[in-house]
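See below for the structure under consideration.
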Amino acid sequence: MCKRPLSSLSSVGTLVAPSILAADFSILGEEIRRVERAGADMLHVDVMDGHFVPNISIGPPVVEKIRGITGLPFDVHLMISRPLSYIGAFATAGADGITFHLEADDDPAEVIKAIRREGCSVGLCLKPASPAESVFGYLDAVDLVLVMTVEPGFGGQRFMADMMPKVRDLRDEIDSRGLRVHLEVDGGIDESTVGAATGAGANVLVAGTAVFRHPLGAEHAIGILKK
Ligand code: DX5
Ligand code: ZN
């Protein structure tokens, strides 16, 4: 049972979810406490299988270990081909929200049901090539839509400004239906791109490099993103 549903997070104002992909993994615990103290709203956990994306990151054992050291909600982003087989493992490890890709192999309706069965919040993610309309049919069933603003797989890439019309279309659709669905963007978010993302209607910002590696510290970085 997931303890910190994303629906309990404010949909007014901007939420920041630092991506631990940019943390120093040799001192991961300290890094997480650092961004928690700095004002992070949740922690973004990037899971890659070396198949859906050309990179491998972390899995349930790491999520389970870090669950014990922070009260932040875990926003687990599954960049994996077969999400259905791993929902239980991530929920048990301590995920609060589980976001999977529309482009993965499993039937999205089945994955949504499986995440709900675990009592977790549901997120649905779109790669850059997938249009806004491809998730319209699921909007009533999810808590969050994640628009990738880079090709998934690696941190530190350049923000794709041409994804902003998609964010705008999703914001309009969510609002016109009166839904309380978070709209999250992920990839290349920093002080120079945040305005475009929030201006288009995003209310949750994933930021790895811009938070964990900001020369003036995480508190400064999060403050700027929230402004
Ligand atoms: C990319 C990941 C992102 C990534 C963001 O596949 O989903 O969460 O870590 O990193 P930055 O903020 O450095 O672009
Ligand atoms: Zn991510």
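Not measured: the values here are computed from a predicted model. Counting convention: from 1, in listed order, for ligands and their atoms alike.
By the 6.0 Å contact criterion, NE2 on H51 is open, its count of non-hydrogen atoms from other residues, nucleotides or ligands being 12 or less. No more than 12 heavy-atom neighbours from other residues, nucleotides or ligands sit within 6.0 angstrom of CD on E219.
Classified by interplanar angle (parallel below 30°, tilted 30° to 60°, perpendicular above 60°), the ring pair H101/H77 is parallel.
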Audit row: R82, D106, side-chain contact (heavy atoms from CB on, under 4.5 Å) steps and yes/no: CA-CA 6 Å; R82 305 301 308 268; D106 297 318; 3.0 Å; yes

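Between I189 and ligand 1, no N or O atom pair is found at a separation short of 3.5 Å. At under 3.5 Å, not a single nitrogen or oxygen of A210, backbone or side chain, sits near a nitrogen or oxygen of ligand 1. Not one N or O of V150 is nearer than 3.5 Å to an N or O of ligand 1, by distance alone.
Among all non-hydrogen protein atoms, the one lying nearest atom 14 (O) of ligand 1 is G188 N, 2.8 Å. The nearest heavy-atom contact from the protein to atom 6 (O) of ligand 1 is G153 N, 2.7 Å. For atom 12 (O) of ligand 1, the closest heavy atom belonging to the protein is G208 N, 2.7 Å. Shortest contact from atom 11 (P) of ligand 1 to any protein heavy atom: G156 N, 3.7 Å. Among protein heavy atoms, atom 10 (O) of ligand 1 sits closest to G155 CA, 3.6 Å. Considering only non-hydrogen protein atoms, atom 1 (C) of ligand 1 sits nearest to F154 O, 3.5 Å.
Just one residue in the list L15, L144, V204 forms a side chain to side chain contact (heavy atoms under 4.5 Å, CB included) with L6, and that residue is L144. Screening I27, I69, L72 for a side chain to side chain contact (heavy atoms under 4.5 Å, CB included) with R33, the sole residue that qualifies is I69.
In the hydrophobic cluster analysis, where Ile, Leu, Val, Met, Phe, Trp and Tyr join through side-chain heavy atoms closer than 4.5 angstrom, V53 is grouped apart from F159. With hydrophobic clusters built from ILVMFWY side chains whose heavy atoms lie under 4.5 angstrom apart, F212 does not share a cluster with V150.
In this structure, K3 is not positioned above the aromatic face of F74 in the sense of NZ or CZ being under 6.0 Å from the six-membered ring centre and within 45° of the axis.
Annotation for ligand 1: atoms under 4.0 Å from non-hydrogen atoms of M79 are 6 (O), 7 (O). Atom numbering of ligand 1 starts at 1 in the shown order; those under 4.0 Å from a heavy atom of H77 are 7 (O). Short contacts between ligand 1 and S19, defined as distances under 4.0 Å to a heavy atom of the residue, involve ligand atoms 8 (O), 9 (O). Distances below 4.0 Å separate heavy atoms of M48 from the following atoms of ligand 1: 6 (O). Interface atoms of ligand 1 facing A207, defined by a heavy-atom separation under 4.0 Å, are 12 (O). In the vicinity of D46, heavy-atom distances shorter than 4.0 Å reach the ligand 1 atoms 2 (C), 3 (C), 4 (C), 7 (O), 8 (O), 9 (O). Less than 4.0 angstrom separates some heavy atom of H44 from each of these atoms of ligand 1: 8 (O). Per-residue contacts place L21 under 4.0 angstrom from the following atoms of ligand 1 (heavy atoms of the residue considered): 9 (O).
Counting all heavy atoms, side chain and backbone alike, A197 lies closest to L205 at CB-CD2, 4.3 Å. Between L102 and S134, the shortest heavy-atom distance links the atoms CD2-OG, 3.4 Å. The two residues K166 and P131 make their nearest non-hydrogen contact at CD-C, 4.1 Å. Nearest heavy atoms, T70 versus R4: O-NH2, 4.4 Å.
Protein N, O or S atom count below 2.8 Å of the Zn ion (ligand 2): the structure gives 4.
Ranked by closest heavy atom to atom 7 (O) of ligand 1, the top entry among D186, V206, T193, V211 is D186.
For M148, the closest heavy-atom approach to ligand 1 falls below 4.0 Å. At least one heavy atom of G187 sits closer than 4.0 Å to an atom of ligand 1.
With a 4.0 Å cut-off on non-hydrogen atoms, T209 touches ligand 1 through its backbone as well as its side chain.
Residues D140 and V181 are not in side-chain contact: their nearest non-hydrogen atoms beyond the backbone lie 4.5 Å or more apart.
For the residue pair D186/H44, the side-chain donor-acceptor check at 3.5 Å is satisfied. A side-chain N or O of D46 and one of S19 form a donor-acceptor pair less than 3.5 Å apart.
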